[in-house]
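All values below were derived from every heavy atom in this structure, side-chain atoms included, with hydrogens, water molecules and symmetry-related copies excluded.
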Amino acid sequence: MITFPKKQILLLGIAIAFSSLAQGQTGINRNKLWYNQPAANWNQALPIGNGRIGGMIFGNPAQERVQLNEATIWGGGPNNTIDSAAKPHIDEVRALLAQKKYTEAQQAANKYLGPKGNSGMPYQLAGNLYINFSGHEDVTDYRRDLDISNATATVSYTSNGVHYKREFFTSFSGNVLMVRLSADKPGMINCVAKLQSPLAVQTTGRQGTVILSGKGSDHENQKGQIRFDVLARAKSDGGTVEVDTAGIAISKANSAVIYLSMATNFVNYHNISANALSRAMNIMDKAYPRSFDELHRSHVQLFQSYFNRVKLNLGSAAVQPTDERIRNFATNDDAQLAELYFQFGRYLLICSSQPGSQAANLQGIWNGELKGPWDSKYTININTEMNYWPSETTRLPELNGPLFDLISDVSVTGKAEAKVMYGARGWMLHHNTDIWRITGIVDGAFWGLWPTSNAWLCQHIWEHYLFTGDKAFLAKYYPVMKGAARYLMDVLQKEPDHGWLVVSPSVSPEHEYIPGRDGVSVTAGATMDNQLVYGLFTEIIHAAGDLKNDKSFADSLAVLRAKLPPMQVGKYGQLQEWLDDLDRTDDDHRHVSHLYGLFPGNQISPYRAPELFSAAKNSLLYRGDVSTGWSMAWKINLWAHLLDGNHAYKLIKDQIKPVTGRSGGTYPNFFDAHPPFQIDGNFGCTSGIAEMLLQSYDGSIHLLPAIPDDWKTGSVSGLAARGGFTVDMEWADHRITKLVIHSGIGGNCRIRANQQITNSILKKALGQNSNPLYRIIDIQKPIIHQNEKDLSVKLPESWLYDLKTQPGKTYRII
Ligand code: FUC
């Protein structure tokens, strides 16, 4: 036993007290989710993950449950959903739309263009790890937490005079899920650990390892072809460990560690030839010799290499448990909870989307069901894109890797779709895909007949380039962008009234312009499509210029781009969602697709297109605030781009509230509720908070563009701006009190501030920003159909400055 002299004890006490104070309050860390009780259901369990494997920790004293996921366990097997009979019906629907026979067009689309056979495969759970502790029914001092600054979950309690502790993490370096069981008295760890899965084919125990072998489900005419193995082994300090088919029995140990590995036969969307068991065994054999502490150290190091890049401080952390704070957020002054939610979104992206893993699906990597909501797959008419909105701004660009892999894959599987269904070159897919990279229509034409997701996905490629200036990356993905444009070039149709080129048939995602039981969504020239095509063509024109390549293709896009429909302001002063003025002022539909142009499309600027800016605002006001989780998250970003921090914060308050009824909210475990759980709302809100603090489109970096009155003082460091810049700021009463800019790749840094800044290194900005990564998307002149609503914009005064920067240099400005 180590004893300390009295003086040392005193100093140690002071040091502990000081570090607790530095964290805000005693024992409360500003990065912890914590609870006074075990999870009563899945939406209370705490998520851990490393991009490949995920766990949901319930923390019940008598029976621990860790629900397990592996990112490649999906139903079905390699397949695509191309409808070889569709082409003539596409032509038919197109012709009906051109003749303005909308109901007939919808009917024909519903009849002939629905899914044939399957609507995509479900992402499935791996199973559960249960650990039974007999006699742990009555406990005191219970606490369950997740520290999102080191990706470690802990459960602790006292039972029969013994204090027990469980620690969990999913190792980034060793790819194993780790559990450590300990107690403050020797020989007290007695438990039985078991693996269980509804997908299990068999469970065996041999050579110290429990092996659960399973198989993905058969689903909608597809045979389940994923094979997977989950392995568990244990080590103890003292006592005994016995393994048989029934599980792992640990007796009289001082402490014990359980190692869990998982793997499947999935290699890629068309190859499932790997050996799951030998993969899982290999992972286990490498990890098992390493101690819990050793694996934890490297885990924390890798995790923090992402997490620590951005720090936000919106105030001190309240002392209440997280579920209580969620309940009171709307009425309490607890801005730090918004900060925690922001960082939780970053935590979730780090844990669900690692380079080389699968892209974060509708539930990231966490799904406890055989068939989660919407199969827990990829919905790409908003949700998948929203997952990745915070990746660049909050400095997690490498985590886009799996999204870029997905885009590369569908640019291959989508070639046949473009050719067979539309007779077009290039590639396309509709509004969903899955691990097999399906491209056909799912759910039915009303929802699924949307052919422009290729343009939206490509926007992420372009944005990555704008943030990093990485030309090698742009050159690598340029053919993917070009393939999407080729498809769109081939399918654009001349509409009869103005001769504009429009995408037809299509939908403004999931939204009807003729409401009712037989509602009509199928249309031509939806505003969002026009914006997406305009955006993609512009990106390619700029990309070809920057790569000094492919000029004649870029020129041909410029000719087509001039013939696309301009944005239009309708009779209510709203931004029109469709080519005709069909919007309704009492429409509260969750999709706000036509506002893509405001965010994330960056085509609507208050400084250059005030009428559109006003019209977008009117549209958003008509739609209202409360909606599904992801819809509210989108609106946070939109209000941030409308430069209204108070309204953005109102939406954050609407989102971070307990889930009641059918509108969105936040579950006790901080997961966003559509409802049900959908992770896009988490990511969308994180992005929205970043956009409230910093925006870098429209030719400059706007500092604190949308700070709510409630965020009186605060600080942020490490936020990314386009052009390879990162920004650190402190503020008080809406004024920036400290400003530091780091330049990654040099070039002109143009800042817009809502206050005057005097510093000799800044020059008053004149003319266009010379930084090519700040080129403006010059849109067509809008058409305004009404004169009644005042569409002028009154903005707070702001000042523009230029700073010439050198790569790798830091500039202290205030
Ligand atoms: C789209 C949305 C739904 C839901 C689903 C996963 O269909 O309209 O609200 O988010 O995706």
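With rounding to the nearest 0.5 Å, the separation of CD1 in Ile380 from CG in Asn454 is 8.5 Å. Of the inter-residue distances, the one linking Ile701 atom CD1 with Asn771 atom CG reads 8.5 Å to the nearest 0.5 angstrom. A distance of 9.0 Å separates CD1 in Ile90 from OG in Ser504, rounded to the nearest 0.5 Å. Atom OG of Ser605 sits about 9.5 Å away from atom CG of Leu612, to the nearest 0.5 Å. Taking CG of Asn400 as the reference point, atom CZ of Phe467 lies at 10.0 Å (rounded to 0.5 Å).
Looking at Glu92 and His89, their side chains do bring a donor and an acceptor atom within 3.5 Å of each other. Gln655 and Asp672 are linked by a side-chain donor-acceptor pair at a separation below 3.5 angstrom, with hydrogens and angles left out of the test. The closest side-chain donor-acceptor pair between His674 and Asp680, if any, does not fall under 3.5 angstrom. Between the side chains of Trp639 and Asn646, no donor-acceptor pair is found at a separation under 3.5 Å. Judged by distance alone, the side chains of Ser631 and Arg590 never bring a donor and an acceptor atom under 3.5 Å apart.
Contact check for Tyr774 versus Arg750: no side-chain heavy atoms found under the 4.5 Å cut-off. At least one side-chain heavy atom of Arg608 sits under 4.5 Å from a side-chain heavy atom of Asp698.
His430 is linked by a ring-ring contact (aromatic ring centres under 6.0 Å, His included) to Tyr422, counting only residues two or more places apart in sequence or in another chain. By the ring-ring contact (aromatic ring centres under 6.0 Å, His included) test, Tyr513 pairs with Tyr102, Trp578, sequence neighbours left out. Remark: Lys100 pairs with Asp497 by the salt bridge (Lys or Arg N to Asp or Glu O under 4.0 Å) rule, at least two apart or across chains. Under the ring-ring contact (aromatic ring centres under 6.0 Å, His included) criterion, Phe599 pairs with Trp389, His641, not counting sequence neighbours. In this view, Glu385 satisfies the salt bridge (Lys or Arg N to Asp or Glu O under 4.0 Å) rule with no residue, not counting sequence neighbours. Partners of Phe473 under the ring-ring contact (aromatic ring centres under 6.0 Å, His included) rule, at least two apart in sequence or in another chain, are Phe404, His464, Tyr477.
Sparse packing is recorded around CD of Gln768, with 12 or fewer heavy atoms of other residues, nucleotides or ligands lying under 6.0 Å away. Heavy-atom neighbours of Lys571 NZ from other residues, nucleotides or ligands within 6.0 Å: above the threshold of 12. Counting heavy atoms of neighbouring residues, nucleotides and ligands inside a 6.0 Å radius, atom CG of Asp518 does not exceed 12 of them.
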(message) Applying side chain to side chain contact (heavy atoms under 4.5 Å, CB included) to Asp583 and Ser619, what does each step give before you reach the verdict?
(response) CA-CA 9 Å; Asp583 301 82; Ser619 292; 5.6 Å; no
(request) Could you go through the side chain to side chain contact (heavy atoms under 4.5 Å, CB included) check for Arg775 and Thr538 one step at a time? (result) CA-CA 10 Å; Arg775 259 169 320 205; Thr538 305; over 6 Å; no
(message) Please determine whether side chain to side chain contact (heavy atoms under 4.5 Å, CB included) holds for the pair Leu488 and Leu560, giving the CA-CA distance in whole Å, both sets of side-chain angles, and the decisive distance to 0.1 Å.
(response) CA-CA 10 Å; Leu488 293 164; Leu560 291 178; over 6 Å; no
(request) Could you please spell out the steps behind the side chain to side chain contact (heavy atoms under 4.5 Å, CB included) verdict for Leu694 and Thr393? (result) CA-CA 9 Å; Leu694 191 83; Thr393 49; over 6 Å; no
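Formation of a donor-acceptor pair under 3.5 Å by the Asn530 side chain with backbone atoms of Gly525 is found in this model. At least one donor-acceptor pair under 3.5 Å links the side chain of Ser696 to the backbone N or O of Arg722.
Between Lys650 and Asp654 there is a salt bridge, since a side-chain N of the basic residue sits under 4.0 Å from a carboxylate O of the acidic one. Looking at Glu577 and Arg623, a side-chain N of the basic residue comes within less than 4.0 Å of a carboxylate O on the acidic one, giving a salt bridge. Of the charged side-chain nitrogens involved, none lies within less than 4.0 Å of a carboxylate oxygen, so that Lys635 and Asp625 do not count as a salt-bridged pair.
The aromatic ring centres of His591 and His511 sit 6.0 Å or more apart.
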